[in-house]
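Read through the structure below, which is laid out as structure tokens, and then see the notes.
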Amino acid sequence: MKRTPSDLLVVFLAVIPLHFASSETLPSTSSTKCHEQERSALLEFKQSFFDAKSSVCSLYGHRQKLESWKLEDTNCCDWEGVDCDEGMGYVIGLNLSESCLSGPINSKASLFRLAHLQSLNLASNNFNYSQIPSAIGDLVELMSLNLSSSSFKGQIPSQVLKLTNLTSLDLSGNYGLELRNPSMKTLVQFLTKLEHLDVSWSNVSTPVPDAVTNLSSLTSLVLRYCNLRGTFPTTIFKLPRLQLLDLDSNPELSGYLPEFHLGNPIKSLSLWWTNFSGSLPASLGNLAFLSKFDISYSNFSGNIPSSIGNLTQLTMLDFGINKLSGEIPSSIGKLIQLSYLALGTNLLSGEIPASLTNLTNLTFLDLFDNQLTGQIPAEITRLTQLTYLILSFNILTGPIPKNISNLESLDYLDLQSNNLNGTLRLDVILKLQHLNKLQLSSNEFSSIIEPSMNVSIPNLSALGLASSNLSELPIFLSYQRRLQWLDLSQNRIYGPTPPWFLNGSMSQLQFLNLSSNSITSFTTFKCQNLMTLDLRFNEIQGLIPLPPKSIEFYLVSNNKLYGEISPEMCQLSSIIILDLSKNKLSGVIPPCVSNLSDSLIVLNLNSNDLYGRFPQLQNDVCGLKMIDVSDNRLQGLLPRGLANCSDLEFLNIKNNQIVDTFPSWMGSLSFLKVLILCSNGFHGAIGEPEARDQFPNLRIVDLSINNFSGCLPSAYFDMWSAMKVHDADYTYYYGTLVVSVYIFSGDPRNNDHFITMINKGNLLEYERILSYLNGIDLSSNNFIGEIPNSVGSLTELQMLNLSNNALTGSISLSLANLTELESLDLSSNKLSGMIPPALAQLSFLGFFNVSDNHLFGPIPQVNQFTTFTIDAYEGNLGLCGVPLTKKCGNPVEALPLPPPPSPPPPPSGALAEKLDWKIVLMGFGSGLVIGSVWG
Ligand SMILES: *[C@@H]1O[C@H](CO)[C@@H](O)[C@H](O)[C@H]1NC(C)=O
Ligand SMILES: *[C@@H]1O[C@H](CO)[C@@H](O)[C@H](O)[C@H]1NC(C)=O
Ligand SMILES: *[C@@H]1O[C@H](CO)[C@@H](O)[C@H](O)[C@H]1NC(C)=O
Ligand SMILES: *[C@@H]1O[C@H](CO)[C@@H](O)[C@H](O)[C@H]1NC(C)=O
Ligand SMILES: *[C@@H]1O[C@H](CO)[C@@H](O)[C@H](O)[C@H]1NC(C)=O
Ligand SMILES: *[C@@H]1O[C@H](CO)[C@@H](O)[C@H](O)[C@H]1NC(C)=O
């Protein structure tokens with residue numbers, strides 16, 4: 001077949017790539033005959049690369065263009081994908097995109113004998129991670145080259161620089177492609193005629209070169225996922241022909257929006273997930289041609305200028321996940337072409353502007369997670385094209401508009417976490433026949449009207465009615481057969497679950513959250529797809545309900561379950577989080593639990609009545625990151641198999657009857673952050689570390705209430721390096737862990753905004769020690785000797801408790817180096833000497849106790865020391881000065897005043913303050929954060 005060269009210039013501005021029209025049925029329009037050498041070059045190329053069975057082929061259903069290339073067919077100009085020039089009959093265009101080419105390619109490929117090629121498109125094939133052959137540079141007449149998504153790898157050859165007539169270059173979607181030598185700078189210096197440049201997914205790793213500004217013909221520049229750095233040259237925004245600029249997914253690329261002038265031709269501007277910041281200039285209103293504007297997930301701040309209302313060509317506007325503040329300008333109501341509007345996760349306040357209800361072409365509206373007040377405008381029901389309506393996490397009040405059922409196209413309605421009130425008319429909302437996901441949790445509805453049984457309601461796939469004042473399971477659920485995700489937590493549902501519930505009808509269910517209700521029994525259920533079951537905080541009695549084998553997250557803590565943990569639980573081969581804590585389970589932990597240790601990440605058996613030995617964990621593969629078996633009656637030694645759990649971050653065996661020595665053999669667990677052995681029968685000296693760098697990540701050590709003896713572990717203090725460096729990342733406990741677990745198991749096809757907050761209150765369960773980020777508690781043992789100076793090297797320590805031992809000597813001066821210390825307890829030892837005045841420099845110290853020692857001399861009288869009461873000093877016959885009644889009469893009291901202290905923060909709240917546990921999670925499936933796995 002035959003096309004003119006101009007047909008071959010792909011129109012790159014289209015978002016959807018423009019493919020050549022399917023043309024098998026078109027008759028040939030020319031009688032041009034091709035040259036025999038070119039014909040054989042083409043056939044040879046087909047022979048060496050065409051693989052109708054290739055994976056690309058079957059995976060994407062690509063058409064097999066090359067099947068039309070036949071040996072017996074002499075006129076190759078008629079072959080599909082081949083274009084010849086009219087006069088000479090040379091092949092000038094070759095489009096073999098999506099043609100099932102498979103295998104490595106090199107410079108010997110016959111393709112490079114087609115010396116007259118002006119346009120070459122090999123996109124979407126599989127060249128098996130070979131380099132782009134240097135012979136590409138021989139095709140000097142090329143004007144258009146498209147090698148996108150074809151599994152090329154390695155450095156782009158410098159021969160490409162010879163293709164100075166290129167106007168269009170697309171190398172995108174080849175993940176391992178490098179632009180280093182030649183660099184992007186060299187590339188744009190040579191290829192000065194470029195109109196379209198796309199090197200997305202190549203590793204550029206440099207700032208965007210200023211030289212791009214010299215490409216005066218440039219109309220489209222696409223640099224997504226290029227690992228760009230530095231500051232983006234503002235002048236590029238002003239290129240006279242630039243219509244499309246896409247810098248998505250370059251999180252290290254900074255930049256600002258410039259002042260825009262009237263006549264700027266830009267049509268599509270996309271800065272998603274960059275580090276662009278600053279405000280949106282009012283001159284934005286000059287971008288009269290702008291139709292797509294996406295700056296989401298960047299760092300913009302300030303108000304949305306009202307000139308936005310001048311961008312009347314906009315069809316897509318996404319400002320989500322920035323720091324924009326102020327009100328939504330009512331001029332936004334002039335953007336009547338808009339079909340997609342997202343302003344979610346900003347700091348926007350005020351009411352939803354009434355003008356928004358003029359945007360009748362909207363299909364997607366997201367105002368999620370701002371501080372919007374007032375009512376949902378009743379006229380919003382004019383937006384009859386809407387498929388997504390997301391107003392969740394605001395402060396909206398009043399009713400759900402009663403005409404909501406006018407939104408006939410609605411697929412997804414999310415109004416959760418507002419202050420909506422009145423009667424929840426589910427009978428009205430469920431008239432929406434296309435509704436698929438409905439999230440109304442956490443509002444202030446006073447009652448609910450369900451649809452009556454005989455009307456037709458949509459088959460929902462997800463339903464959230466958490467914290468909705470329900471006193472029973474809504475009966476309409478009994479005929480919701482497609483439900484996959486159901487959240488009815490935090491209601492007042494009481495009694496046994498009714499027989500219809502989970503008995504066959506909800507066989508698709510993958511996620512069920514009934515936590516925080518008053519359910520008393522939970523019978524067997526037939527949900528063979530269930531992955532998350534959350535029944536925490538109910539009154540469920542009886543044996544542990546055995547979940548289906550599909551279960552990944554099984555959370556039944558805080559109930560009244562009794563009996564033994566059945567060995568059948570060991571067959572839950574997909575389980576990731578098992579939380580049976582705070583029940584009345586008894587018996588031994590079945591040894592087969594160790595079979596689960598390769599899938600299991602969190603094991604929480606805290607606060608039951610389990611006894612016997614902890615299972616051996618002899619599996620070579622142990623993926624466990626957290627183990628909590630505290631508050632039981634476990635006996636024997638710690639299982640040495642724990643040493644195989646190389647990802648372990650958190651171990652709590654507090655309050656059991658383990659009799660063992662210090663587990664120095666765990667020192668190589670390089671992720672271990674929290675080690676709590678409190679209140680067991682540990683004994684003996686801690687001794688010297690067996691190797692260097694033991695416990696390098698430890699931040700919380702609680703060995704209190706045991707029988708340890710000997711000296712304090714001075715050499716370990718030297719090694720616990722995590723307590724020495726300031727770490728700005730405060731999310732390192734179960735926060736990151738649980739969150740990452742959920743994110744990774746979320747179904748990427750359902751990246752909707754269903755959200756749960758991690759409640760910071762729930763993290764303070766282990767208040768005494770876990771409210772600190774770095775703490776050491778060695779109290780109530782038999783430690784002897786002096787406080788070693790090495791403790792002063794743990795400069796990030798916030799809590800140190802050495803009380804109730806038999807320590808002697810004086811209070812180490814090095815303690816004054818612990819400038820983050822909030823709590824210091826040295827009481828009930830045999831310490832002598834004075835309280836070092838330098839301790840008064842510890843400006844965060846909120847708790848201090850040296851009672852019952854042999855201290856003497858004056859109590860410091862400045863800073864924090866003016867706040868401690870008499871209890872802190874009692875039982876030391878030699879101490880004097882306020883608050884004790886004994887006067888000092890000693891000039892040492894008149895110490896020079898250190899600089900005025902900054903006011904101390906409330907010590908126990910430190911963790912809560914530093915953590916901003918608002919985690920946005922996407923996805924159904926199992927995509928819900930459980931903030932209180934430990935609750
Ligand atoms: C580049 O294009 C110009 C103008 O179209 C043409 O005259 C010249 O021959 C081309 N150069 C090469 C190397 O093909
Ligand atoms: C919008 O455009 C009009 C004219 O097209 C102009 O007068 C007005 O100042 C612009 N508004 C803003 C806020 O830029
Ligand atoms: C709404 O979209 C349709 C096409 O989807 C278009 O024809 C129409 O002009 C748009 N309406 C407005 C007010 O922009
Ligand atoms: C909606 O558009 C109409 C016509 O342009 C206009 O008269 C009206 O004021 C607009 N409504 C709002 C609330 O902005
Ligand atoms: C809903 O809340 C608003 C504001 O708090 C209040 O004025 C109104 O009376 C409430 N409506 C109902 C039906 O409770
Ligand atoms: C305490 O800090 C001082 C001064 O910063 C330093 O000389 C001393 O070595 C430190 N002591 C310890 C034990 O780290």
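Numbering of ligands and ligand atoms starts at 1, following listing order.
- Protein heavy atoms are found less than 4.0 angstrom from atom 14 (O) of ligand 1.
- The aromatic rings of Phe368 and Phe393 sit perpendicular, their planes meeting at an angle over 60°, well past the 30° parallel limit.
- Not a single protein heavy atom sits closer than 4.0 Å to atom 7 (O) of ligand 5.
- For the cysteine pair Cys34 and Cys77, the distance separating the two SG atoms is not below 2.5 Å.
- The atoms of ligand 4 that sit less than 4.0 Å from any heavy atom of Ser355 are 12 (C), 13 (C), 14 (O).
- By the definition of a contact as any protein heavy atom under 4.0 Å away, atom 11 (N) of ligand 5 is in contact.
- Distance alone, capped at 3.5 Å, places no donor-acceptor pair between the Ser405 side chain and the Lys431 backbone.
- Atom OG of Ser392 and atom CG of Leu367 lie 9.5 Å apart (nearest 0.5 Å).
- Near Asn421, meaning under 4.0 Å from one of its heavy atoms, ligand 5 places the atoms 1 (C), 2 (O), 3 (C), 8 (C), 10 (C), 11 (N), 12 (C), 14 (O).
- Ring-plane geometry between Phe319 and Phe293 is classed as perpendicular, the angle between the planes exceeding 60 degrees on a 0 to 90 degree scale with a lower cut at 30.
- For atom 2 (O) of ligand 4, the closest non-hydrogen atom on the protein side is Asn358 ND2, 2.1 Å.
- The presence of a protein heavy atom under 4.0 Å from atom 4 (C) of ligand 1 is ruled out.
- Checked by atom type and distance alone, the side chain of Arg492 pairs as donor or acceptor with a backbone atom of Asn469 at under 3.5 Å.
- What you find for Ser296 and Asn322 is that their closest heavy atoms are CA-ND2, 3.8 Å.
- At the top of the distance list for atom 9 (O) of ligand 1, counting protein heavy atoms only, stands Asn165 ND2, 4.7 Å.
- Heavy-atom contacts of Glu141 reach the following atoms of ligand 1: 14 (O) (cutoff under 4.0 Å).
- Close to ligand 4: Ala354, with a non-hydrogen atom less than 4.0 angstrom away.
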